[in-house]
Amino acid sequence: MSSRTGKLDGRVVLITGAARGMGEQEARLFAAEGAKVVLADVLDDQGAAVAADIGAESALYVHLDVSEEDGWTAAVAAAKERFGRIDGLVNNAGILHFNALVATPLADFEKVTRVNVNGVFLGIRAVAPEIAAAGGGTIVNTASLAALAGMAYIGAYAASKHAVLGLTRVAALELAAQDIRVNAICPGVVDTPMANPAPEVTPAAVADATAEAWKSVPMKRMGRPEEVAKLALFLSGEDSSYITGQPFVIDGGLQAGMNLG
Ligand code: NAD
């Protein structure tokens, strides 16, 4: 038996959007660091396959549409039944929608808001009391560089991610007394299915622009989901014990300024 100490030994962390992309890598890394992980998503086959690959002893997959209140109640109950408690949450699930602001139907705007904002709000509301009951822990919300700056053609998304940062700050203030730290991750361009959308769902001009976007990154590459997972690990573990209420940019230098190189 290995005597190695994991950074999340003894922890139970629920991760939304864990069937693929960043959420999948967070689930794999957290489990490797000793946590029990609850993977939540709407992609049931993919999510269950990732959980099975991590191993039944450490991972449980639950179906959860983060925008549905009742779904959270069921997911929390399933997590507690399996692992006894929850002391960590990573609100990672999110969707992206491209369109010019003045051409965006209200229904599309609200669809993004329902998942990206309501999902984070409902997650904090459902899980924070569980973390408090467990004696404290962590919440990590996945925002975006689009929470700190605008980007053309993603108005609904940028608005939703600014809101995630607002929720992060308020939750950090309100939950500090219960030993719950709340921080946000702000990725730039990360190589996941979201950053590589299918041509049929993306207006051609936008597809061309986004395909070029990562080339303006000073480090000259997209981020990898595994790299974002390491930041989520830092914010979920003891190494960040005096940090709460903060956004953490992970973007290969994109936000540093205009890159003429
Ligand atoms: P992804 O599309 O690969 O993964 C997102 C996951 O969330 C998918 O498994 C999807 O099924 C799940 N999901 C979507 N709607 C859901 C819902 N209603 N309920 C539960 N699960 C749902 O994308 P990703 O890049 O891994 O994105 C992860 C997070 O990072 C998102 O919040 C995204 O906005 C954010 N982000 C991504 C990038 C990027 O460049 N990829 C940049 C900044 C921020």
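First listed ligand is number 1; within each ligand, the first listed atom is number 1.
Atoms of ligand 1 found under 4.0 Å from any heavy atom of Asn92 (numbered from 1 in listed order, with element): 28 (C), 29 (C), 31 (C), 32 (O).
Every N/O-N/O distance between Leu43 and ligand 1 stays at or above 3.5 Å. Residue contacts with ligand 1: Ser144 is placed with no nitrogen or oxygen under 3.5 Å of a nitrogen or oxygen of the ligand (distance criterion only). For Ala40, no nitrogen or oxygen atom sits less than 3.5 Å from a nitrogen or oxygen atom of ligand 1, counting backbone and side chain alike. Close N/O approach between Met22 and ligand 1 is found [any backbone or side-chain N/O within under 3.5 Å]. Of the polar atoms of Lys161, at least one N or O is found under 3.5 Å from an N or O of ligand 1, judged by distance alone.
Neither the backbone nor the side chain of Ala146 comes within contact range of ligand 1; no heavy atom lies under 4.0 Å.
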Verdict with supporting geometry, Thr16 and Asn92, side-chain hydrogen bond (donor to acceptor under 3.5 Å, both in side chains): CA-CA 5 Å; Thr16 67; Asn92 163 77; 5.3 Å; no
Intermediate values then yes/no, side-chain hydrogen bond (donor to acceptor under 3.5 Å, both in side chains), Arg11 and Thr138: CA-CA 10 Å; Arg11 300 283 304 278; Thr138 52; 2.8 Å; yes
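Taking atom 34 (O) of ligand 1 as the reference point, the nearest protein heavy-atom neighbour is Tyr157 OH, 2.6 Å. Counting protein heavy atoms only, atom 19 (N) of ligand 1 is closest to Val66 N, 3.0 Å.
The minimum heavy-atom distance linking Ala128 with Ile139 is given by the pair CB-CD1, 4.4 Å.
The environment of Asp45 atom CG is sparse: at most 12 non-hydrogen atoms of other residues, nucleotides or ligands sit within 6.0 angstrom.
Judged by distance alone, the side chain of Asp191 and the main-chain N or O of Met222 form no donor-acceptor pair under 3.5 Å.
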